[in-house]
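Have a look at the structure below, then the notes.
Note on naming: letters A, B, ... go to the chains in the order of the sequence lines (proteins, then strands), and numbering restarts at 1 for each one. Keep in mind that the numbers below use all heavy atoms, side chains included, and drop hydrogens, waters and symmetry copies. Everything numeric in this text was worked out from a predicted model, so none of it was measured.
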Protein chains: 2
Amino acid sequence: MEPRKRPGRTPAPAGRTSRPRQAEVARLAGVSQATVSLVLSPKPDGKGPVISEETRRRVLEAARSLGYVPDPAARRLAAARNNLLGVFSFTATFPTDVQHSYYPFLVGVEREAAALGYDLVLFTGSSTGGAGAAGPDALSRVRLADGCLFIGRHTPRPELKRLVEDGFPVVHLGRREELEGVAWVGADYVEATRDVVVRLAELGHRRIVLVREDDDAPASTDRQRGFLEGLEEAGLPSGPTTVFRSADPQRELTPERLRAWADEGVTAFVAEETDTGAAWRGLLSAVRAAGLDCPEDVSLALLGSPPADLASEPVPTGFDIPRPQLGAAAVRLLAALVAGEEASEPLVGCVFRPGPTTGPPRARP
Amino acid sequence: MEPRKRPGRTPAPAGRTSRPRQAEVARLAGVSQATVSLVLSPKPDGKGPVISEETRRRVLEAARSLGYVPDPAARRLAAARNNLLGVFSFTATFPTDVQHSYYPFLVGVEREAAALGYDLVLFTGSSTGGAGAAGPDALSRVRLADGCLFIGRHTPRPELKRLVEDGFPVVHLGRREELEGVAWVGADYVEATRDVVVRLAELGHRRIVLVREDDDAPASTDRQRGFLEGLEEAGLPSGPTTVFRSADPQRELTPERLRAWADEGVTAFVAEETDTGAAWRGLLSAVRAAGLDCPEDVSLALLGSPPADLASEPVPTGFDIPRPQLGAAAVRLLAALVAGEEASEPLVGCVFRPGPTTGPPRARP
DNA sequence: CGGCGTTGTTAATGCGTATTAACTAATGCG
DNA sequence: CGCATTAGTTAATACGCATTAACAACGCCG
C-alpha cells in the first residue's frame with residue numbers, strides 16, 4: 001500500500017544556498033546534530049556530557065569552514081540565549097537632528113555590549129510607517145533578544161509593564177521610578193547639582209537662584225532637589241524666590257527681573273539643561289540685556305551641557321552628564337538581569353566642569 | 001509493560017505564569033491551535049483557508065482576554081527569516097568623534113529599515129573583545145542576519161568574497177566595483193562634478209583647475225572623471241595642468257603657484273572633499289595668502305561638504321552628498337537581495353549646492 | 001440517492017537548536 | 001572472565017508558530 005501523504009509544511013525550496021545549519025556541520029564532521037550543539041554551546045559549568053577533544057576539533061573545524069552561525073530565533077525558541085541585546089527608542093534612534101539624539105548614549109552602549117560579548121539589535125521603534133509602527137506588536141518584537149534597553153521620554157506604560165511582568169529583562173535609560181519594577185539607570189542630578197551649589201557658596205555667593213522650566217520630568221525635579229539640598233548644606237536660606245520656574249524663560253526672564261535680583265543681593269544663577277536649552281538661553285540673554293558682566297557681576301552655572309549651537313561660546317561652569325558611561329552602566333545592568341543576577345546601583349555620577357562663567361562675587365558695599 | 005521513558009528535553013517548570021500561547025487561546029475558544037494561527041495571522045492575499053466569522057470572533061475574543069502576544073522567535077523560526085539586517089563597519093559604528101562617523105548614513109539606514117519592517121543588528125569590527133572581536137569569525141557573525149550592509153573603506157576582501165559566494169546578501173555602501181559580485185550603492189560623483197564644472201563654464205570661466213589628493217579611491221577618480229567630462233561638455237580644453245594632484249595640498253599649494261595660474265588665465269578652482277579636507281583647506285589658505293578675493297578674483301567650488309570645523313565659514317558652492325538617501329538606497333537594495341530580487345540602480349544623485357564662493361570671472365583686459 | 005464541489009476545521013508536520021535519557025564502547029575491578 | 005563504571009555519543013524529544021493535506025459537514029445537481 002502506498003504510504004499516505006501526510007499533511008504539514010512543505011520543506012523550503014532551498015533554491016539558494018541557505019545558511020548552514022548544525023545538521024550540515026554534523027554531516028561534514030561525521031557526527032550527530034546533538035554533538036554539534038554540545039560542542040558549540042558548552043555549558044559554562046562543564047556539567048553536561050563531555051565531548052572528546054578529537055571530536056570537538058573536527059566539529060569546530062567543520063563549523064568554521066562552513067561559516068556556521070547559530071540562528072538566533074531558534075536559539076531563543078529553545079529557551080536559551082542568543083547573546084543579543086535589544087535597544088528600543090520611541091523616537092528614531094538616529095534622528096536627522098543630531099542635537100536631540102541618543103547618540104552619545106549609544107556610544108557607551110555599543111562599547112559595553114561588545115565588551116560583554118553581546119551584539120546589539122536596534123529595534124526600529126516609532127520610525128515612520130512600516131512594521132516599526134506603533135501597536136501592541138511593536139514592543140513584542142524585542143522578545144527576540146535576551147533583554148532590551150529602552151531609551152526615551154515617552155514610554156508606553158502598559159506594554160513595558162507587560163514585558164516586565166513576564167520576566168523579560170528590561171532596563172530603562174533615565175530614571176523611571178513610577179513604573180513599578182522597571183530597572184533603570186540615570187544620572188545623579190541631585191548630587192551633581194548640590195556640588196555645583198556648594199562650590200558657588202564656597203566662592204562666597206550668599207544668594208543663588210535656580211532657573212528651571214515648567215516641567216515635572218525627573219531630570220528637572222532632581223536638579224531642584226539637589227539645588228535645595230546644596231543651599232541647606234551651605235547654610236544658605238532657601239526662600240520661595242530662590243527657584244524661578246517658567247514655561248518660557250526666554251520671554252519671562254526679563255532684564256528688569258534680573259536687575260531686581262541683583263539689587264536684592266543675588267550674585268549667582270544656575271540653569272537646568274533641557275532639550276531646548278531655553279532656561280540657559282533665557283538667562284544668558286537677560287544677563288546681556290541687563291548689561292551685567294559675567295563673571296564680574298554675576299556668576300552663571302549650567303546644570304548640564306550647553307546646546308550645540310552655543311559651542312562657540314565659552315563652556316560654562318556646571319557638570320557634564322556622562323552619557324557614554326550611562327549607556328555602559330545600563331548595558332551592564334541589563335546583562336546582569338539577563339544572567340539572573342540582582343540589580344546594582346542605578347545612579348551614575350556626573351563630573352563637575354569648571355568654567356569661566358563663575359567667580360567670587362563682587363564685594364558689596 | 002511499563003512504557004519506557006524517552007529521552008528529550010524536560011518541559012519547563014512553568015513555575016511562573018508564563019505568557020499565553022496559541023494553544024491556550026485555542027483551548028479557551030474551543031478550537032485548535034492551527035485555527036488560532038489562521039485567525040491571528042491571515043495571509044494578505046486571502047489565499048489560505050477561510051475561517052468563519054463566528055469562529056474568528058471567538059478566537060479574537062479569547063486572545064484579547066488572555067492578552068496573547070505572539071512569540072517573535074517562534075514566528076521568525078517558522079518563517080525561515082528573522083527580519084534582521086546587519087550593519088557592519090570596520091571602524092567602530094559609534095565613534096566618539098561624530099564628525100567623521102557614519103552617522104549620517106545610519107540616519108537613512110534606520111529610517112528605511114523601519115519602513116521595510118526590518119530591525120538592525122549592529123556589528124562593529126574594531127570593538128575590543130567580545131562578540132565583535134576581530135578575526136576570521138568576526139565577519140561570520142553577520143550571517144545571523146538575513147543580509148548585511150558594509151560601511152567603511154577597508155573591507156577585508158576574502159571574507160566578504162566568501163559571504164557573497166555563499167549567496168549571502170551583501171551590500172557595500174560606497175562604490176566597490178573591484179570586488180567581483182559585491183552589490184553596492186554610491187553617490188554619483190561623476191555626474192555631480194560634471195554639473196559643477198558646466199555651471200562654472202556657464203558663468204564664463206574658461207580655465208578651471210581641479211585640486212585633488214594623491215589617492216586612488218573611487219571617490220577621487222570619479223570626481224576627476226566628472227571634471228574632465230564637464231570640461232569636454234563645455235568645450236573647454238583639458239591640458240595636463242588642469243588637474244593638480246598632491247599628497248599634501250596644504251604645503252604644496254603655494255600662493256606663488258596660485259598666482260601663476262591666475263596669470264595663465266585660470267579663474268576657477270574646484271577641490272575634492274576628503275576625510276581631512278586637505279585639498280579644500282590648502283586651496284582656501286593659498287587663495288588668502290595670495291591676496292586673492294573670492295569670488296571677485298577667483299571662483300572656488302568644493303566637490304562635497306566642507307569639514308565641520310569650517311562650519312562658520314560661508315558654505316561654498318559645490319554639491320551635497322545625500323548620505324541619508326544613500327543609506328536608505330543601500331537598505332532597499334539589500335532588502336531586494338534578501339527577497340531574491342535583482343539589484344537596482346546603484347547610483348544616487350547628489351544635489352547641486354549654490355554658494356557665495358563662485359561668480360562670473362573678472363573681465364580680463 | 002450517490003457523487004461532487006464548498007466551506008470550515010484539524011492533524012500533522014517543519015523551522016533550528018538545546019537538552020537529556022539511553023545507548024555503546026572502553027576501561028577497571030574482583 | 002564477568003560485571004560495574006565511565007567516557008563519549010546519539011536518539012528523541014520540546015520550544016511556539018505557520019503551513020497544508022486531509023477530513024468533515026454541508027448543500028446541490030443529475
Minimum-distance nucleotide (side-chain atoms of [X] versus [options]):
| X | options | answer |
| --- | --- | --- |
| B/L77 | D/dC17, C/dC15, C/dT10 | C/dC15 |
| A/T55 | D/dT9, C/dG8, C/dT17 | D/dT9 |
| A/Q22 | D/dG8, D/dT19, C/dT17 | C/dT17 |
| B/Y68 | C/dT10, C/dT17, D/dC17 | D/dC17 |

Can you tell me the distance, in whole Å, between the [atom1] atom of [X] and the [atom2] atom of [N]?
| X | N | atom1 | atom2 | value |
| --- | --- | --- | --- | --- |
| A/R76 | D/dC15 | CZ | C1' | 12 Å |
| A/E54 | D/dG8 | CD | P | 12 Å |
| A/R58 | D/dG8 | CZ | C1' | 12 Å |
| A/Q33 | D/dA11 | CD | P | 10 Å |
| A/L66 | C/dG16 | CG | P | 14 Å |
| B/E53 | C/dT9 | CD | P | 11 Å |
| A/R19 | C/dT17 | CZ | C1' | 12 Å |
| B/R57 | C/dG8 | CZ | C1' | 16 Å |

(request) Could you check which nucleotide pairs with C/dG30 in any of the strands shown, counting Watson-Crick or G-U wobble with both distances under 3.5 Å? (result)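 The answer is D/dC1, by the H-bond criterion.
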(message) Pick the closest DNA chain C nucleotide for B/A79 and for B/A34 by heavy atoms, then say which residue is nearer the 5' end.
(response)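 Final value for this comparison: B/A34.
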(request) Determine the contact category for B/S52: base if any of its heavy atoms lies under 4.0 Å from a base atom, sugar-phosphate if only primed atoms, P, OP1 or OP2 are that close, otherwise nothing. (result) sugar-phosphate
